[in-house]
Every structure is written in structure tokens, then in C-alpha cells.
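Below is one structure, written out as C-alpha cells, with a few remarks after it.
What's counted below: heavy atoms across the whole structure, side chains too, no hydrogens, waters or symmetry copies.
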Amino acid sequence: MSPLCPVLLALVLAAVPGIRGACPAAADLKSSNGTRICAKFYDKSDPYYENCCRGAELAVEPGADLPYLPSGWTNVISSLVVAQRCEVTVWSRRGKGGKTRKFSAGTYPRLEEYRRGIFGDWSNAISSIYCRCY
């Protein structure tokens with residue numbers, strides 16, 4: 001093995017900060033006053049993970065049931081983070097209709113990577129949300 005290989009591997013590992021990119025860790029989801037947040041949704045995503053979870057944020061509390069999202073949030077969510085011991089169910093149509101998917105605790109910087117049927121993905125496709133914590 002070339003002596004250059006370990007150096008290149010170290011550079012690659014240092015350049016990749018992790019799959020989370022700029023997204024907060026699931027354990028760090030708290031509001032400014034310290035209360036628990038169930039999930040955070042973001043309207044910006046990017047092919048580069050370090051540029052995901054940007055733009056406007058929508059934070060939802062545990063037990064939030066949003067069959068109709070706030071103005072400007074329908075079909076624009078492209079990144080999300082779900083807090084520890086929480087789960088988010090999303091629907092592709094308003095009023096909890098259409099396709100559905102559950103996201104468990106974790107970071108989802110690129111919803112383009114999660115299939116919604118044969119031809120679609122979940123980026124810019126969320127129209128209803130239910131968030132619960134255990």
C-alpha cells in the first residue's frame with residue numbers, strides 16, 4: 001500500500017463532517033426557553049450535506065397534529081430532524097390524505113433520498129404532520 005493512501009483517507013474523513021451536515025443533532029432539539037421540541041422542519045436542502053437544514057424553520061411540539069400546515073409550509077419541507085424518543089408521521093396531501101411515512105428519531109438532511117411511491121420522493125411533498133413523543 002502506498003504511503004499516500006492513509007494520508008488521503010484521513011483527509012477524506014476530515015472533510016466529511018458526518019451525514020448530519022449542518023443539521024442539529026436529535027438530542028439538541030429544544031426551544032429558546034428550554035422546552036422540548038418534537039421535530040424541526042426546514043425549507044432548504046442541498047446536494048451537499050453541509051448545506052442542508054437551512055432556510056426557514058418550523059418547530060413543532062410533542063403532540064402537534066397539523067392536518068393543514070401553516071401558511072407557506074405546504075409542499076416546501078426538504079429537511080427534517082426528529083428529537084430523541086419521538087416519531088413524526090407525514091402525509092403527501094392536506095387533511096392527512098395521500099401517501100404516508102413515519103420518521104423515527106434522527107436527522108434527515110435530504111428528503112430526496114426517501115421514496116414516496118414509484119416516481120416520487122418526500123422532498124417538497126409534505127402537506128400534513130403528526131408528531132408524538134414517548
Side-chain angles (χ1 to χ4, degrees):
M1 182 159 95
S2 166
L4 188 56
C5 286
V7 172
L8 289 175
L9 180 61
L11 286 173
V12 168
L13 291 176
V16 179
I19 193 128
R20 285 190 316 113
C23 300
D28 296 338
L29 289 187
K30 292 195 179 2
S31 67
S32 58
N33 65 3
T35 59
R36 185 174 190 193
I37 292 177
C38 183
K40 269 193 179 181
F41 300 87
Y42 301 88
D43 70 346
K44 298 286 187 245
S45 182
D46 194 83
Y48 299 103
Y49 287 106
E50 63 269 11
N51 295 330
C52 293
C53 296
R54 306 280 179 154
E57 295 180 8
L58 174 65
V60 296
E61 297 176 353
D65 189 5
L66 302 171
Y68 299 93
L69 294 179
S71 178
W73 279 98
T74 301
N75 297 329
V76 299
I77 296 169
S78 58
S79 301
L80 68 97
V81 179
V82 182
Q84 292 179 327
R85 299 187 340 259
C86 294
E87 178 181 71
V88 170
T89 305
V90 298
W91 289 267
S92 62
R93 295 205 178 152
R94 297 175 58 165
K96 296 183 180 179
K99 302 280 186 187
T100 187
R101 180 182 170 98
K102 290 185 179 186
F103 290 93
S104 58
T107 303
Y108 304 88
R110 292 180 30 86
L111 291 178
E112 293 91 348
E113 297 173 357
Y114 299 91
R115 304 300 312 150
R116 179 182 50 93
I118 296 173
F119 298 111
D121 59 56
W122 282 100
S123 182
N124 301 322
I126 296 174
S127 298
S128 303
I129 297 170
Y130 173 68
C131 199
R132 71 180 185 103
C133 297
Y134 333 115

Check the pair Ile77, Leu69 against side chain to side chain contact (heavy atoms under 4.5 Å, CB included), reporting the backbone distance first and the verdict last. CA-CA 11 Å; Ile77 296 169; Leu69 294 179; 4.2 Å; yes
query = Are Arg116 and Tyr114 in a cation-pi setup, meaning NZ or CZ lies under 6.0 angstrom from the ring centre and within 45 degrees of the ring axis?
reply = no
Without swapping roles, check the side chain of [X] against the backbone of [Y] for a donor-acceptor pair under 3.5 Å.
X: Ser127; Y: Ser92; answer: yes
X: Asp43; Y: Val76; answer: no
X: Arg115; Y: Ile118; answer: yes

Here the gap from Asn75 atom CG to Arg93 atom CZ, rounded to the nearest 0.5 Å, amounts to 10.5 Å
Between the CH2 atom in Trp91 and the OG atom in Ser128, the distance rounded to the nearest 0.5 Å is 7.0 Å
Provide the closest heavy-atom pair for [X] versus [Y] in the form atom of the first, atom of the second, distance.
X: Val81; Y: Ala26; value: CG1-CA, 4.0 Å
X: Val88; Y: Val82; value: CG2-CG2, 3.8 Å
X: Ser78; Y: Lys44; value: OG-C, 3.1 Å
X: Cys38; Y: Arg132; value: SG-N, 3.8 Å
X: Asp121; Y: Glu112; value: CB-O, 3.6 Å
X: Tyr49; Y: Pro109; value: CD2-CG, 3.5 Å

Q.
Looking at Arg101, I'd like to know if its CZ atom is crowded, meaning that more than 12 non-hydrogen atoms belonging to other residues, nucleotides or ligands lie closer than 6.0 Å.
A. yes
- Query: In this structure, are over 12 heavy atoms from other groups packed under 6.0 Å from Glu61 atom CD?
  - Reply: no
* Asked: Mind checking whether Asp65 and Lys96 have side chains closer than 4.5 Å, heavy atoms only?
  -> yes
- Query: Does the side chain of Glu87 come within less than 4.5 Å of Tyr134's, by heavy atoms?
  - Reply: yes
task: Compare the SG-SG distance of Cys131 and Cys86 against 2.5 Å and report whether it is shorter.
output: no
Notebook entry, point to check: Do the cysteine sulfurs of Cys53 and Cys23 sit under 2.5 angstrom from one another?
Noted result: yes
Item checked: Candidate pair Leu111 and Ile126, rule side chain to side chain contact (heavy atoms under 4.5 Å, CB included), full reasoning -> CA-CA 10 Å; Leu111 291 178; Ile126 296 174; 3.9 Å; yes
* **Path from Leu29 to Leu58 over hydrophobic side-chain contacts below 4.5 Å** => no
Count I, L, V, M, F, W, Y as connected when their side-chain heavy atoms are under 4.5 Å apart, and connections chain through other members. Are Ile37 and Tyr42 then in the same cluster? yes
Have Asn33 and Thr35 got a donor and an acceptor in their side chains that come within less than 3.5 Å? yes
* Given side chain to side chain contact (heavy atoms under 4.5 Å, CB included), test Leu66 with Trp73 step by step and report yes or no. => CA-CA 11 Å; Leu66 302 171; Trp73 279 98; over 6 Å; no
*asked:* Between Leu80 and Trp122, does the side chain to side chain contact (heavy atoms under 4.5 Å, CB included) criterion hold? Intermediate values first, please.
replied: CA-CA 11 Å; Leu80 68 97; Trp122 282 100; over 6 Å; no
